[in-house]
Amino acid sequence: MTQHLGRFLDDLDRDIRASADWGKVADYIPELGGIDPAQFGIAVALADGQLLTAGQAGQPFSIQSVSKVFALACVLGRIGEQLWLRVGREPSGDRFDSILLLEQEKGRPRNPFINAGALVVTDELLTGRSPKQALSEVIGFLRTAAGDDDIHIDKAVAESEAAHGHRNAALAHYLRSFGNLRNPPDHVTGTYFHQCAIEMSCIQLARAGRVIAGLDCAPNLLSRVKQRRINALMMTCGQYDGSGNFAFRVGLPAKSGVGGGLLVIAPGRASIAIWSPGLDGWGNSQAGTLAAEKLAEFTGWSVFG
Ligand code: GLN
């Protein structure tokens, strides 16, 4: 299997590179706007400890919203079920940065992966901690899970987003007006922008994702129940209003980021990180989604059989 998979990944890298349509990079964060969309990397961490890679698997990229999975893991570890008093567990069917439902639903975001929900998670992370401590907690989790201390924040990306992050600022103020943000909105957005600006390679991200896949690399980091719940949320909400399409095509829990990263989980089997910075209309990696679809087809790993 491993040998076949290794060859498949090399073929996949070649096929994806032959693609004519890479999608568009996220230019609302100017620092990300200049990145060449025609890039691709993949890393697959298997249950037996092996790691298979192809393409630019060692190239660091901005993980953006993939960080929401790990921030959620930290907060669930800290306060558990109480989080659900402040954030829902339903797909939103709206864009990742939408404010629409927030008014109708009185400031309780639909789920922890849309921006409004992720801001509430970051607000929880900040309870009793400075922004620096909150960020250290997420980075510490990632480093332990990946078994790699060389994971850092790209400050230029964080500052670039902060200078243009009016929508997230609006969401934070709106949440605060409903009493669902305890810390000052600019503290929360500032911390959130830095969390999103964490840089990792596919190799590091696939290794960190083993804890979400239940591969027992760091068993004390995340309980079985929390791991299962995070996967359920990734399946139903991980690609925002493109989540149904992703489940249909790939059939695996996953989380995307506007840096073009994708963490895909085959529970109990593998943690897969894919990077290709060109995005589709939902803000998810275009070539990355295609690669995940082909990989799921080849391996038969879809949770739907
Ligand atoms: N930092 C980005 C934002 O808040 C993350 C969005 C994403 O990756 N989908 O807009």
Side-chain angles (χ1 to χ4, degrees), residues 23-33 35 37 60-72 87 91-100 102 109-123 125 131 134-135 138-139 142 153-175 181 185-200 205 233-234 236-243 245-246 254-264 273-286 288-289:
K24 280 180 61 182
V25 295
D27 53 9
Y28 76 97
I29 302 174
E31 194 69 18
L32 299 181
I35 294 176
F61 61 88
S62 191
I63 68 167
Q64 292 297 319
S65 286
V66 182
S67 68
K68 293 170 181 173
V69 172
F70 299 94
L72 176 64
V87 191
S92 72
D94 283 324
R95 280 189 64 75
F96 64 89
D97 56 0
S98 176
I99 203 165
L100 219 59
L102 217 47
R110 274 283 171 105
N111 67 68
F113 292 151
I114 51 170
N115 286 10
L119 288 167
V120 172
V121 170
T122 302
D123 187 53
L125 267 182
L135 289 165
V138 179
I139 291 188
L142 281 167
I153 293 172
D154 182 336
K155 289 221 165 68
V157 171
E159 280 158 22
S160 173
E161 183 166 12
H164 296 83
H166 302 297
R167 281 203 197 171
N168 283 313
L171 288 169
H173 281 277
Y174 213 59
L175 286 162
L181 211 65
D186 56 335
H187 265 214
V188 179
T189 50
T191 309
Y192 168 81
F193 294 145
H194 281 78
Q195 168 203 309
C196 288
I198 294 171
E199 246 192 5
M200 291 171 80
L205 187 57
L233 288 162
M234 290 170 80
T236 51
C237 316
Q239 332 294 308
Y240 316 110
D241 44 343
S243 298
N245 182 61
F246 193 92
K255 183 73 208 80
S256 63
V258 292
L262 198 55
L263 175 64
V264 186
I274 307 175
W275 172 65
S276 182
L279 308 179
D280 63 19
W282 289 299
N284 303 321
S285 174
Q286 179 144 309
T289 304

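Here the structure is a predicted model, which is why all the values come from computation and not from measurement. Counting convention: from 1, in listed order, for ligands and their atoms alike. Computed from heavy atoms alone, side chains included, the values below leave out hydrogens, waters and symmetry copies.
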(message) Applying side chain to side chain donor-acceptor pair (under 3.5 Å), can you list everything that pairs with Arg95, at least two apart in sequence or on another chain?
(response)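 Testing Arg95 for side chain to side chain donor-acceptor pair (under 3.5 Å), a comparison that skips the adjacent residues, returns none.
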
(message) For Asn284 and Tyr240, which I'm curious about, is there any donor-acceptor pair between the side chains at under 3.5 Å?
(response)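 Not at all, the side chains of Asn284 and Tyr240 share no donor-acceptor pair under 3.5 Å.
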
What are the polar N/O contacts of ligand 1 with the protein below 3.5 Å, with distances?
from     : atom 1 : to     : atom 2 : distance (Å)
ligand 1 : 1 (N)  : Gln64  : OE1    : 2.6
ligand 1 : 1 (N)  : Glu161 : OE1    : 2.8
ligand 1 : 1 (N)  : Glu161 : OE2    : 2.8
ligand 1 : 4 (O)  : Asn115 : ND2    : 2.9
ligand 1 : 4 (O)  : Glu161 : OE2    : 3.2
ligand 1 : 4 (O)  : Asn168 : ND2    : 2.9
ligand 1 : 4 (O)  : Tyr192 : OH     : 2.7
ligand 1 : 8 (O)  : Ser65  : N      : 3.2
ligand 1 : 8 (O)  : Ser65  : OG     : 2.6
ligand 1 : 8 (O)  : Val258 : N      : 2.8
ligand 1 : 9 (N)  : Ser65  : OG     : 3.0
ligand 1 : 9 (N)  : Tyr240 : OH     : 3.0
ligand 1 : 10 (O) : Tyr28  : OH     : 2.5
ligand 1 : 10 (O) : Asn115 : ND2    : 3.4
ligand 1 : 10 (O) : Glu161 : OE2    : 3.4

(message) Nearest 0.5 angstrom please: Lys68 NZ to Asn111 CG, how far?
(response) 8.5 Å

(message) Any heavy-atom pair between the side chains of Leu32 and Gln64 that's under 4.5 Å?
(response)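 A side-chain contact under 4.5 Å exists here.
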
(request) Could you tell me whether the side chain of Val69 reaches within less than 4.5 Å of the side chain of Phe113, counting heavy atoms only? (result)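 They are in side-chain contact.
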
(request) Applying side-chain contact (heavy atoms from CB on, under 4.5 Å) between Val66 and each of Leu262, Ile198, Leu263, Val258, report the one that passes. (result)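 Only one option passes, and that is Leu263.
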
